[in-house]
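Any value given below was found using the heavy atoms of this structure, including those in side chains, with hydrogens, waters and symmetry copies removed. Both counts, for ligands and for their atoms, begin at 1 and track the order of listing. Numbering of residues begins at 1 and proceeds along the displayed sequence.
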Amino acid sequence: MAFDEKKVKELMDEAETALRGSDPLEAVCRLLRDRVEHYDWVGFYLLDPERERELVIGPFAGEPTEHTNIGFGQGICGQAAETGKLFLVQDVTREENYLSCSPEVRSEIVLPIFRDGGLVGELDIDSHRSEPFTMLDTVLLEGICRMVSPYL
Ligand code: SME
């Protein structure tokens, strides 16, 4: 099925259902990775309760990564945590501050997740395609971040 507004709506509805089951965050990762062709790694990074200004990996779907702890400012994830803003990289070869998880990854989008005005984590998506992300991804993923925020 094409990645269009209808599919975005469907995925939001399915994410809502997934959040009511067990392992809600992992279920959302699996849903997005399985259903969106250009999502190859989908995962959450959480604020590390042990260390200041550091992210620790949370539930994810895809290949395990060596980047389980990421400091603020490091890589795309750390930069998104530092600025509190969505960070979209359509071609990772052009981003100098980038932590590679796999040579197959071509692009990445990271969205900070807030609760009660404070950063609680991030949603990180890697794609093996170059320049795959559009406004539809932003709409879908911002919606997902709002939905999952109470679960982080
Ligand atoms: N590429 C990320 C590291 C995390 S992996 O994509 C799972 C970064 O540059 O922060």
Side-chain angles (χ1 to χ4, degrees), residues 3 7-8 11-12 14-15 18-19 21-115 117-152:
F3 188 65
K7 180 151 179 179
V8 165
L11 288 169
M12 299 260 230
E14 286 179 44
L19 285 170
S22 56
D23 299 323
L25 293 177
E26 199 183 319
V28 167
C29 292
R30 272 202 311 271
L31 169 76
L32 293 175
R33 181 172 183 266
D34 291 352
R35 299 284 306 285
V36 184
E37 271 185 52
H38 57 291
Y39 295 176
D40 292 291
W41 192 94
V42 178
F44 292 99
Y45 281 91
L46 314 174
L47 281 200
D48 191 334
E50 309 283 312
R51 299 186 197 102
E52 254 182 64
R53 291 172 54 79
E54 193 153 317
L55 300 162
V56 61
I57 197 158
F60 64 92
E63 292 296 309
T65 170
E66 65 185 277
H67 299 297
T68 54
N69 295 81
I70 299 178
F72 276 36
Q74 291 176 350
I76 296 171
C77 292
Q79 292 180 81
E82 188 92 89
T83 60
K85 293 203 175 113
L86 179 153
F87 196 165
L88 169 58
V89 179
Q90 297 276 27
D91 175 0
V92 294
T93 64
R94 300 165 77 95
E95 173 57 42
E96 281 178 14
N97 189 356
Y98 167 63
L99 305 169
S100 172
C101 286
S102 145
E104 285 182 295
V105 174
R106 296 275 175 275
S107 54
E108 179 162 356
I109 185 168
V110 179
L111 296 95
I113 302 172
F114 296 94
R115 191 169 58 238
L119 182 74
V120 286
E122 295 182 343
L123 175 58
D124 177 18
I125 296 184
D126 288 349
S127 177
H128 295 174
R129 298 188 189 180
S130 206
E131 302 191 23
F133 299 113
T134 68
M135 275 307 289
L136 274 180
D137 296 276
T138 311
V139 169
L140 168 65
L141 299 174
E142 284 181 344
I144 296 284
C145 285
R146 274 194 299 276
M147 256 185 234
V148 300
S149 143
Y151 297 84
L152 259 70

So, for Phe3 and His38, which heavy atoms are closest and what is the spacing to 0.1 Å? CD2-CE1, 3.8 Å
Under 3.5 Å: donor-acceptor pair, side chain of Ser130, backbone of Arg106: no
Pocket residues around ligand 1 (non-hydrogen, under 4.0 Å) come out as Trp41, Tyr45, Ile70, Gly75, Ile76, Cys77, Tyr98, Leu99, Cys101, Glu108, Asp124, Asp126
Salt bridge check, Glu26 against Arg30: does any charged N sit closer than 4.0 Å to a carboxylate O? yes
Glu54 side, atom CD; Tyr45 side, atom OH - distance, nearest 0.5 Å: 11.5 Å
Taking atom CZ of Arg115 as the centre, does the number of heavy atoms from other residues, nucleotides or ligands within less than 6.0 Å exceed 12? yes
List the atom pairs, with distances to 0.1 Å, where a side-chain N or O of residues 57-72 and a protein N or O form a donor-acceptor pair under 3.5 Å, not counting sequence neighbours.
from, atom 1, to, atom 2, distance (Å)
Thr65, OG1, His67, N, 2.9
His67, NE2, Ser100, O, 3.0

